[in-house]
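Data first, discussion second: the structure below is written as C-alpha cells.
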There are 2 protein chains.
Amino acid sequence: MRPAATVPSTARREDNNDERVATMSPRGPRAPSVGSQGATLSDVAQAAGVSMATASRAINGSPDRVVGEELRRRVLEAAARLDYSPDANAQAMARGRTATVGLIVHDIADPYFSAIATGVAAAADDEHLAVTLANTQHDPQRELAFVRTLQEQRARAIILAGGRQDDERANAALRAALETYRSHGGTVALIGQPVLGVSTVQADNTGGAAALASELLRLGYRRYGILAGPKAHLTARERLDGFAGVLESAGVTPEAVVNSAFTRDGGYAALAELRRRAPDVEVVWAVNDVMALGAMTSARDAGLSVPGDLAFAGFDDIATLRDVAPPLTTVHLPLAEMGRLATPLALDVDGGVRQLSVTGEVVLRDSTPRM
Amino acid sequence: MRPAATVPSTARREDNNDERVATMSPRGPRAPSVGSQGATLSDVAQAAGVSMATASRAINGSPDRVVGEELRRRVLEAAARLDYSPDANAQAMARGRTATVGLIVHDIADPYFSAIATGVAAAADDEHLAVTLANTQHDPQRELAFVRTLQEQRARAIILAGGRQDDERANAALRAALETYRSHGGTVALIGQPVLGVSTVQADNTGGAAALASELLRLGYRRYGILAGPKAHLTARERLDGFAGVLESAGVTPEAVVNSAFTRDGGYAALAELRRRAPDVEVVWAVNDVMALGAMTSARDAGLSVPGDLAFAGFDDIATLRDVAPPLTTVHLPLAEMGRLATPLALDVDGGVRQLSVTGEVVLRDSTPRM
DNA sequence: CTGTTAGCGCCTTCAC
DNA sequence: GTGAAGGCGCTAACAG
C-alpha cells in the first residue's frame with residue numbers, strides 16, 4: 001500500500017532561493033537608518049513639506065476637509081517614495097475603531113464552515129474589513145476565549161457560525177461574554193439559533209427537514225433510520241423535529257434514531273449502531289451532509305451497496321456533494337450566502353437585534369431512488 | 001426536483017430573543033458613564049490605588065519587574081470588577097509589534113487550503129497569535145493587496161499558501177511587496193515553491209508523482225491520460241515532470257496531456273477534452289485531487305463507470321477522499337502539518353531564509369485496480 | 001484649504 | 001518593588 005519512491009530523484013532541490021537579491025526598491029536610498037521599521041506619517045509630511053494633518057487628509061481623505069490638488073500630489077508622491085504604509089493599529093487607536101471582523105467557526109476544515117467563511121470573507125472584503133479567523137475545534141471554552149481575544153483586538157464585529165447547544169450553562173457564559181463585548185462597543189451576529197440575544201441568520205431547519213421527509217415518503221420509503229446528531233445540538237434537534245413530525249403525521253415511526261457527534265466520524269460510527277438496532281432500514285437520513293457521507297462510507301465498508309441496499313439523505317448541500325457517487329439527496333442551504341448575509345447583520349450599529357431566515361430547498365438525487 | 005415545503009410550518013419562529021435582558025454583570029455598577037467603551041488601564045490603576053505602571057506589570061507580567069503579592073491581587077481584582085479588557089491595538093503600538101499572523105490562501109473552501117488553515121490556526125493558537133485570513137479567490141492582484149493590508153496591520157508574519165506561477169512579472173511584484181513588508185519588520189513563509197526569496201515549506205511533488213507513476217506502471221497501466229493543470233503553475237508542472245519522467249523511462253508515452261484550471265471545475269472540463277483527444281485511455285491522473293474528483297464526476301456524467309471503464313488517480317489526499325467511492329488513489333501530503341510547520345518558519349526572526357521539505361506517500365486505492 | 005494641538009491606551013526606560 | 005513621564009503613529013477637533 002505504501003511503496004517508497006524508488007525513483008531517480010530529480011526531486012527535492014532544496015535551495016534555489018538565490019533570487020533573493022537586489023529586491024530593494026530601485027528608487028534610491030530609503031530615508032531613515034538601516035533596519036528601519038518604515039516611514040511614518042510625520043516623515044511623509046516632512047518630506048512633502050506639509051503638516052501631518054494635511055498628509056493624513058491627503059492619504060486617507062478625511063470625511064470633511066479636502067486637500068488642494070498640488071499638496072495632495074506632493075504628499076502622495078512622498079508617501080510612495082518612502083514606501084509609507086499607514087499603521088492600522090495607530091489608526092485604530094486614533095479613530096476609536098478597527099477595520100476587523102472576527103469569524104468564529106467550529107472547524108474551518110468542515111465544508112459547511114469553509115463555505116460560510118467564503119461568504120464572510122467576500123462580504124468583509126467589500127467593506128474593506130479584515131477578518132480574523134478563530135477555529136474552536138468544537139470546544140466551547142475556546143469559543144469563549146476567542147470572544148475575549150477578539151474583544152481585546154477591538155474587532156468591530158464578531159460573527160459566530162455554527163448551531164448552538166441546548167446547554168444553558170454554556171450559553172449563559174457565552175451570552176455574558178458577548179454582552180461584555182457589546183458593552184465595549186462591538187456588535188455581533190450569529191449563524192444558528194437566536195438563543196444568544198444577538199442578531200441571527202437562521203436556516204429553516206424544521207421546514208427543510210419536513211419537506212425532505214415529505215419527499216421521501218412520496219418516493220415510497222417507509223422504514224427510516226435516523227442519524228440524529230447530539231441530543232443537545234439545536235440544529236440537529238430542529239431538523240429531527242421537522243423530519244419526525246412529518247413521518248408521524250403519515251403514521252410512520254422511524255425504525256431507529258441514533259445519536260452521535262455532528263461530524264463525519266460521528267456519522268460513520270453511528271451507522272454501525274443503527275444497523276445493529278435496526279437491520280432492515282430502507283433509507284438513512286442524517287441531520288447533516290458530513291454525517292451522511294461518513295455513514296455512507298461506513299455502510300460500504302460493511303459491504304452494503306448504495307443505494308441498492310440502503311438509501312441515504314443528508315442536509316446542507318455542501319460543495320463536496322458535487323463529486324460524490326451516488327449523488328446525495330439533501331436540503332440545499334445557501335451557505336456562502338448565509339455568511340454574506342451575516343456580515344452586514346454583524347456590522348449593524350443600531351444595536352437592534354435582527355433575525356434573518358433562509359429556507360432550504362429539497363434536492364432529490366440518486367442516493368434516494370424511487371422505491 | 002424542488003418541491004416546496006408543503007408542511008405545517010412549525011418552523012421559523014422569528015423572534016424568541018427575549019433573553020437579552022439582565023445580562024449585565026451582577027457585580028455592582030460599572031464605573032464610567034453609560035455607553036462606556038470599557039475601562040482603561042488607567043481606570044484599573046486608579047481603582048486599585050496604584051500607578052499605571054504597576055497595573056500594567058501586574059496584568060501582563062513585564063519581563064523584568066515583579067509586582068508584590070498584595071498589589072497584584074488588588075490590581076487583578078479591580079480589573080475583573082471593571083471588566084477590563086486590554087486594548088491590543090494600544091499594546092501593539094506601545095510594544096511595536098502585534099500578536100497577529102496573516103494567512104493568505106487562494107480559496108478557503110478548497111479542502112487543500114482549509115486543511116492547511118487548520119494547521120496554521122492550531123500552531124498560531126499555541127503561540128497566542130491571532131490569524132487574519134485572506135482569501136484571494138485565485139487573483140494575484142488580491143494576493144498583492146492582502147500583503148499590503150497585512151503590512152498595514154503590522155501582522156508579525158505572513159504565511160502564503162499555494163503553489164506559485166511561472167510568471168516572473170507577478171512573482172517580481174509579489175517579491176517586492178514581501179520585501180517591503182520584511183523591511184518593515186515582518187517575516188514571511190510560503191507553502192509552495194521557493195521562488196520568492198522567503199522561507200518555504202515545499203512538498204516533494206516531483207518525487208511523489210514519480211513514485212505514483214511507478215506504482216501505476218507496476219499495476220499494469222499503459223495508456224495514460226493526464227490532467228496537467230495550468231502550464232505556468234509550478235506545482236502542477238513539478239508533478240507532471242515527475243510523473244512523465246518515470247513513464248518515459250519506462251518507454252510509455254501518455255496518450256494525452258490536457259491543461260486546465262487547477263480546480264475541481266478545471267478537472268471536470270478537462271476530462272471531456274481528454275476523452276475527445278484520446279478515447280482509449282486506461283487511467284486518468286490529475287495533478288491534484290480536486291481536479292481528479294471533478295474529472296471522475298465528469299466521466300460518470302458521460303456514462304462511464306469508475307474504475308471499470310476508466311481508472312483515476314490524484315495528488316494531495318484531501319480529507320474529502322475518505323468518503324469518495326471508489327476510494328481515490330493519490331499521493332498523501334500532510335496538509336495540516338504543512339500549515340503547522342509553516343508557522344514557526346514564518347515567525348522566525350533570524351531573517352534566515354530556510355527551506356523545509358515534506359515528502360508524499362503513494363496511497364493505492366480502489367480507483368486504480370490492478371489491470 | 002491648511003496647520004496646531006491634544007490625546008487614543010499602553011509600555012517602558014528611568015528614577016526612587 | 002513602585003511610580004513618573006515620554007512616546008508609539010495617527011486622527012480630530014479647533015483655529016487660522
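These numbers come from the heavy atoms of this one structure, side chains and all, not from hydrogens, waters or symmetry mates. Source: prediction; values computed, not measured. So you know, we letter chains A, B, ... as the sequences are listed, proteins then strands, and number each from 1.
No side-chain heavy atom of A:Val105 sits less than 4.5 Å from a side-chain heavy atom of A:Ile116. At a threshold of 4.5 Å between non-hydrogen side-chain atoms, the residues B:Gln153 and B:Thr98 do not count as touching. Side-chain contact between B:Phe146 and B:Thr136 is present, with at least one heavy-atom pair separated by less than 4.5 Å. No side-chain heavy atom of A:Val67 sits less than 4.5 Å from a side-chain heavy atom of A:Val75.
Among the heavy atoms of the strands, none lies under 4.0 Å from A:Gly96.
Note on B:Asn89: every side-chain N or O is 4.0 Å or more away from OP1 and OP2 of C:dC10. In terms of phosphate contacts, B:Ser51 brings no side-chain nitrogen or oxygen within less than 4.0 Å of OP1 or OP2 of D:dA4. At D:dT11, one or more side-chain N or O atoms of A:Gln91 fall inside 4.0 Å of OP1 or OP2 (strictly under the cut-off). In terms of phosphate contacts, B:Asn60 brings no side-chain nitrogen or oxygen within less than 4.0 Å of OP1 or OP2 of C:dC10. Side-chain nitrogen and oxygen atoms of B:Ser56 include at least one within less than 4.0 Å of the OP1 or OP2 phosphate oxygen of C:dC11.
A donor-acceptor contact under 3.5 Å links the side chain of B:Arg57 to the base of D:dG3.
Comparing the helix axis at one end of the helix from C:dC1-D:dG16 to C:dC16-D:dG1 with that at the other, each defined from 5 consecutive pairs, gives an inter-axis angle of 30° (nearest 10°).
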Are there any protein N/O atoms within less than 3.5 Å of an N/O atom in nucleotides 5-8 of chain C, and if so, which ones and at what distance?
unit_1	atom_1	unit_2	atom_2	d
C:dC8	O2	A:Ala94	N	3.4

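Rounding to whole angstrom units, CD of residue A:Glu70 and C1' of C:dC1 are separated by 13 Å. If you take CD of B:Gln153 and P of D:dC10, they are 15 Å apart, rounded to a whole angstrom. In this structure, the CZ atom of A:Arg73 is 17 Å from the C1' atom of C:dC1, given to the nearest Å.
At a threshold of 4.0 Å, the pair B:Glu70-B:Arg73 counts as salt-bridged, since one of the basic side-chain nitrogens sits closer than that to a carboxylate oxygen. A:Glu77 has a carboxylate O that lies under 4.0 Å from a charged side-chain N of A:Arg81, or vice versa, which qualifies the two as a salt bridge.
Looking at the side chain of B:Val50, the nearest of the listed nucleotides D:dG9, D:dG3, D:dT2 is D:dG3.
The side chain to side chain donor-acceptor pair (under 3.5 Å) test with A:Ser85 singles out one residue from B:His184, B:Glu152, B:Arg154, and that residue is B:Arg154.
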Quick one: do A:Leu178 and A:Val147 satisfy side chain to side chain contact (heavy atoms under 4.5 Å, CB included)? Show the steps, please. CA-CA 7 Å; A:Leu178 291 177; A:Val147 169; 4.0 Å; yes
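Using a 30° and 60° split on the angle between ring planes, A:His106 and A:Phe113 fall in the perpendicular class, above 60°.
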